[in-house]
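To start, the structure under review is shown below, and the notes come after it.
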Amino acid sequence: MPSKSSARLAALTVAAVCSAASTIVLTTPAHADSVRVHDVQGSTRTSPYAGKQVTDVAGIVTGIRTYGSSRGFWIQDPNPDADPATSEGVFVFTSSAPKGVAVGDSVTVSGTVSEYVPGGATSGNQSLTEITKPSFTVLSSGNKLPAATTITARSVPAAYAPPGDPTANGSINALPLKPSKYALDYYEALEGMAVRVSDTRVVGATDPYTELWVTVKSHENRNRHGGTVYGAYDAQNTGRLQIQSLGSTADFPKANVGDTLTGTTAGPLDYNQFGGYTLVASELGTLKTGDLKRETTRKQRGGELSVATYNVENLDPSDNTFAAHAAAIVKNLESPDIVSLEEIQDNNGATNDGTVAADQTLTKLIDAIVSAGGPKYDWRSIDPANNTDGGEPGGNIRQAFLFNPERVSFTDRAGGDATTATDVTKVRGKARLTLSPGRVAPADEAWKNSRKPLAGEFAFRGRTVFVIANHFNSKGGDQGLTSQYQPPSRSSETQRHQQATLVNAFVKDILDTQKNADVVTLGDINDFEFSKTAKLLEGRGELWSAIKSLPRSERYSYVYQGNSQVLDQILISPSIRRDCDFEYDSVHINAEFNDQISDHDPQVLRFRP
């Protein structure tokens, strides 16, 4: 999934939300008589006044945003109607920092009603009803603000979204809001209004863009660290809510998963490109630490082979995270015998000059591991052709194997390169790779602009173990969970399904050649353990995702928009699974922390070949 070059390109501040957006004007602007805010908002997601001029819309100013492209202020009618589906708040877009208006002012606003789509129409995002090109009159100042609506566990419905209208390509825009039935309708009916939450638990750590995620449902799919586990497409965590701030970013709390925002957090309810409904706080609760600690797995025993996968997030020699990564491998992962690394960049990182070698990156990491008290790892990898494997342009990310030569040996068979496929052959009744290290079907269209699997043959205590390192196509381009299209489209799956099918076919070749072969297929699969991608990779029993040996509440390696979810997986062949003589550990050292060195948690498998 999304690494620092992809997943959180989406995590920009509210200030950047409007830079890639579209505004829907449904008709040629026409005049409308004076209307109330709830008339402007209407009882569907799009305003009945979209594209029309409105005059003297009255309200109290509840918040002002003076930074970024989305500048303006919120107003709320202090005299609501009786319809729970109509919001009493709306954003007034002024383009530049609004002048002559303050929180508590009673104003009338005239302008054009527009439906603004954060991220642009192709994003699939819902639109935000706004009054644009405004003129306003301040009637009085220092007025009491309308009471903020309290969002609680009981107020948010358990069902997430209504099914999309099939006559509108699955859009829910025109459907009447049912705020007592669907969570997305509930939040939409509060769009632009002042809302508040109290004593909420953090389920998504503060990121560099000063946003975090909380839940108002303390027991919803909770794990022991305090996160909310995402375990099925049709079982959304409806209590999640994004928090940003109207104040100084310097004052924004640096929170980890499991911390609590005690007291009241309050402000207007916005909708933005990167997470949907967002409480833009003018009042922030006090951070109470949950004292989250980074995990450490146990050391492998003498007869156990320890294999790990770790996405090191675009690591290149200019980064300052080598010591931290080394400490994680040595201390938290207990120096696995084999480490599959994803997102190793070339020797000059994102400099786009044709460099593809990554020996300096890998050597610097190995030296840092030695300095941290770990073994002197050896490494194997294959350089990609320049700018053919996706990721950050010029970075040439690839997978690489680290292995401890005092515990395990690598079987080298020359000839592997960026475009030559390794194959499976039979020698004295045993499977072997024709190239080791080698790439799996690198010329296939399934790997276009994506990382090609790296296959290697290892020997441990006289037993051959085949290891296939993967980094599947990212989720970039998928519609968000709060999309106007329900269920949201997951277009990126198509390529991952093709990739999973190819890797499974390769594993099947090994097992058809040697039924009892030990095969470990691992890496950043960029998809969930319950996904079709995982099912295609598992095939008809050729592989099994070992993270499913953990309790459901412990199945996660990544936290995205407050959902603790699986992206990184280690899959095992029947010979490893059959005796149940293995242990799996998702070692939570990154994803739940605001000071993470990668956005992925490493995974470790220990077994006896």
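Every value quoted in this text rests on a predicted model; they were computed, and no experiment measured them. FYI, the numbering just counts along the sequence from 1.
Applying the salt bridge (Lys or Arg N to Asp or Glu O under 4.0 Å) test to Asp77 and every residue at least two apart in sequence or in another chain returns Arg36. Partners of Thr167 by side-chain hydrogen bond (donor to acceptor under 3.5 Å, both in side chains), not counting sequence neighbours, listed by chain and number: Asp165. Residues passing the salt bridge (Lys or Arg N to Asp or Glu O under 4.0 Å) test with Glu295, sequence neighbours excluded: Arg224. Residues meeting the side-chain hydrogen bond (donor to acceptor under 3.5 Å, both in side chains) test with Thr66, sequence neighbours left out: none.
Side-chain atoms of Gln244 and Glu211 form a donor-acceptor pair, as typed in the model, at a separation below 3.5 Å. Judged purely by distance below 3.5 Å, without hydrogens or angles, the side chains of Thr46 and Glu115 never pair a donor atom with an acceptor atom. When only modelled atom types and interatomic distance are considered, Thr265 and Arg196 share no side-chain donor-acceptor pair under 3.5 Å.
Although no hydrogens or angles enter the test, the distance criterion places no donor-acceptor pair under 3.5 Å between the side chain of Thr149 and the main chain of Val195.
Aromatic ring centroids of Tyr160 and Tyr182 lie 6.0 Å or more apart. Aromatic pair Phe91/Tyr116: ring centres not closer than 6.0 Å.
Contact between Pro48 and Gly42 at its shortest, heavy atoms only, is CD-CA, 3.9 Å. Residue Leu284 comes nearest to Pro253 through the heavy atom pair CD1-CD, 4.0 Å, listed as atom of the first residue, atom of the second, then distance.
Side-chain atoms of Asp270 and Gln242, non-hydrogen and from C-beta on, never get closer than 4.5 Å to each other.
For residues 133-143, every residue pair satisfying the side-chain hydrogen bond (donor to acceptor under 3.5 Å, both in side chains) rule, not counting sequence neighbours, is listed here: Asp105-Ser141, Ser140-Asn143. Here salt bridge (Lys or Arg N to Asp or Glu O under 4.0 Å) pairs that include residues 481-496, with residues two or more places apart or in two chains, are Arg490-Glu493, Arg496-Asp527.
The salt bridge (Lys or Arg N to Asp or Glu O under 4.0 Å) test with Asp291 is passed by exactly one of Arg294, Lys288, Lys293: Lys293.
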